[in-house]
Engineer: 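Here you go, one structure.
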Protein chains: 2
Amino acid sequence: MAYSYEYPRPALTVDCVVFGVDEGALKILLIERGEDPFKGCWALPGGFVRMDETLDAAAARELKEETNVGKVYLEQLYTFGAPKRDPRGRVVTVAYYGLVNRVEHQPQAATDASAAAWYSAAKLPKLAFDHKEIVSLAIERLRAKVRYAPIGFELLPSKFSLTQLQRLYETVLDRELDKRNFRKKVLGLEILIDTGETEKNVPRRAAQLYRFDRKKYRQLTRDGFNFEI
Amino acid sequence: MAYSYEYPRPALTVDCVVFGVDEGALKILLIERGEDPFKGCWALPGGFVRMDETLDAAAARELKEETNVGKVYLEQLYTFGAPKRDPRGRVVTVAYYGLVNRVEHQPQAATDASAAAWYSAAKLPKLAFDHKEIVSLAIERLRAKVRYAPIGFELLPSKFSLTQLQRLYETVLDRELDKRNFRKKVLGLEILIDTGETEKNVPRRAAQLYRFDRKKYRQLTRDGFNFEI
DNA sequence: CCAAAAGTGTTTCACTTACACCCATGA
DNA sequence: TCATGGGTGTAAGTGAAACACTTTTGG
């Protein structure tokens, strides 16, 4: 025990890069800092890890506290520990990235955030600390992961059309996909369930709605199947 | 500033899962702990992060200090922060994984390690803390990464035969590969340079030796080429 | 001359890509 | 009836997988 207390300790925080997709644009949830350092500057939601909680729990808690956004798919991204990344002294941060499907719900600022809002990933404001670097890594990871894991479904409502799904992939990967090939591919994976329902109140032919079949997906991956788009 | 000091801080350590390949077996570098807790138990090399060094530097330093193994390709793996993972109190550890090509060199124990040795990944001894879990994740990551990034070359001497390279992949992926297809594939990538040299003192036809062409590889990846085996 | 590994091509099959038109619906 | 997106099939090309024998060398 003594040994571990011989050294001064860095402070430990968590930060969250939360993605949403809205009208074909990739969005990121930011807060406006209400406290120094970087008071008034936009930043990732996050804060100090408590002594009795896991890192995952700290990330979810801080996100909820500062933005009132909960029920998020969160996954650890990377730990940033450059000695001068925080002007207050040594602060190491464990970064998370998350996916939400309800961009339409306005986030609510709280605790040490004076505002919370969705920003388009393509034109972010200047960010506090090294948060720009964290966001870059998160986008890179999202792009890589969306191709071999079905995390895209976390960004959509539970029932969605194939066109919505395709738009999502186009948004995240930032390139156009062929409609017929895309449909052939995803339907061929057999991880979508046709709900039998169609879109409502659209001024055109209504699209078929599907749900993601989590159970089937898990079963297939166990048998060594390989999701890829 | 005050804010960051209101909270008690977890201690912060780094731990390294260092891989080597020897005679067709995947090996991991372990130390025997010379201090409590878990004195006499095998564990991953690692230790406390200093206030003025990056996390990467801390990992390399601890590895060198405890095992005298240096010049290692090290990459951050994951951060483990379960509240009870260390009996001394809250200790969060940033885990790294590394690759070495000189398994034949005996590691040398030092500082708080009473011994250092290579263990076969297939039959590790009981490990201290949650190090078993860390090793599992590292193996999973190594398997995934070796397929789409040329990190395998870090595990071989600078000049190697195609058979050595194939054995390496077979070891890491734990399955057999077809000789002709393997050679066609890797030579087709055009990232190997034929050194013109052959094996020496082998009681059979001597194999051609190759080097990995780092420059060519970087150039190709910039142009959007995709390494995959 | 024997043992041991080096080296070498072809065929088959699956998957990816490119590509254009008719259909259903609400306004 | 028109505008809008929904929905559909085929052919060509590319890459992966399966598969066996000859060559070289040292002992």
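Each chain gets a letter, A, B and so on, in the order the sequences are listed, and its residues count up from 1.
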Engineer: Measuring from the side chain of A:Arg180 (C-beta onward, heavy atoms only), which nucleotide among C:dA20, D:dC19, C:dA27 has the closest atom?
Structural biologist: C:dA20

Engineer: How many Å lie between CZ on A:Arg205 and P on C:dT25, as a whole number?
Structural biologist: 7 Å

Engineer: Return whichever of B:Gln164 or B:Asp178 has its heavy-atom-nearest nucleotide of DNA chain C closer to the 5' end.
Structural biologist: B:Gln164

Engineer: Just the rounded figure in Å: distance from P of C:dA5 to NZ of B:Lys200.
Structural biologist: 19 Å

Engineer: Can you check whether B:Lys185 has a side-chain N or O nearer than 4.0 Å to OP1 or OP2 of D:dA16?
Structural biologist: yes

Engineer: Rounded to the nearest angstrom, tell me the gap between atom CZ in B:Phe182 and atom P in C:dA5.
Structural biologist: 17 Å

Engineer: Describe the nucleic acid contact of A:Ser161 in one word from base, sugar-phosphate, nothing, applying a heavy-atom distance below 4.0 Å.
Structural biologist: nothing

Engineer: Check A:Arg175 with A:Glu170, please: is the shortest side-chain N to carboxylate O separation under 4.0 Å?
Structural biologist: no

Engineer: How many Å lie between CD on B:Glu228 and C1' on C:dC15, as a whole number?
Structural biologist: 14 Å

Engineer: Determine the contact category for B:Lys179: base if any of its heavy atoms lies under 4.0 Å from a base atom, sugar-phosphate if only primed atoms, P, OP1 or OP2 are that close, otherwise nothing.
Structural biologist: base

Engineer: Any base atoms under 4.0 Å from B:Asn201, or only sugar-phosphate, or nothing? Heavy atoms, all strands.
Structural biologist: nothing

Engineer: Just one of A:Arg102, A:Lys145, A:Lys71, A:Arg214 clears the salt bridge (charged side-chain N to carboxylate O under 4.0 Å, His left out) bar with A:Glu154, so which one?
Structural biologist: A:Arg214

Engineer: The side chain of A:Lys184 lies closest to which of these nucleotides: C:dT10, D:dG9, C:dC23?
Structural biologist: D:dG9

Engineer: Starting at atom CD of B:Gln166, determine the distance to atom P of C:dT8, rounded to an integer number of angstrom.
Structural biologist: 14 Å

Engineer: Would you check if there is a donor-acceptor pair between the side chains of B:Tyr217 and B:Gln219 at a distance under 3.5 Å?
Structural biologist: no

Engineer: What is the distance from CG of A:Leu187 to P of D:dG6, rounded to the nearest Å?
Structural biologist: 14 Å

Engineer: Could you check which of D:dC19, C:dG7, C:dA27 has an atom nearest any side-chain atom of B:Gln208?
Structural biologist: C:dG7

Engineer: By nearest atom, which of the nucleotides D:dT24, D:dG5, D:dG7 is closest to the A:Ala207 side chain?
Structural biologist: D:dG7

Engineer: Which nucleotide in the set C:dC23, D:dT25, D:dT4 lies at the smallest distance from any side-chain heavy atom of B:Arg204?
Structural biologist: D:dT25

Engineer: Counting just side-chain N and O atoms, does A:Arg183 come under 4.0 Å of either OP1 or OP2 of D:dG7?
Structural biologist: yes

Engineer: Find the distance B:Asn226:CG to D:dT14:P and express it as a whole number of Å.
Structural biologist: 17 Å

Engineer: Roughly, in whole Å, what's the span from CZ in A:Phe160 to P in D:dG5?
Structural biologist: 20 Å

Engineer: OP1 or OP2 of D:dG6 versus the side-chain N and O atoms of A:Thr163: is any pair under 4.0 Å?
Structural biologist: yes

Engineer: Does some side-chain heavy atom of A:Arg141 sit less than 4.5 Å from a side-chain heavy atom of A:Leu77?
Structural biologist: yes

Engineer: A:Leu137 versus A:Phe80: any side-chain heavy-atom pair under 4.5 Å?
Structural biologist: yes

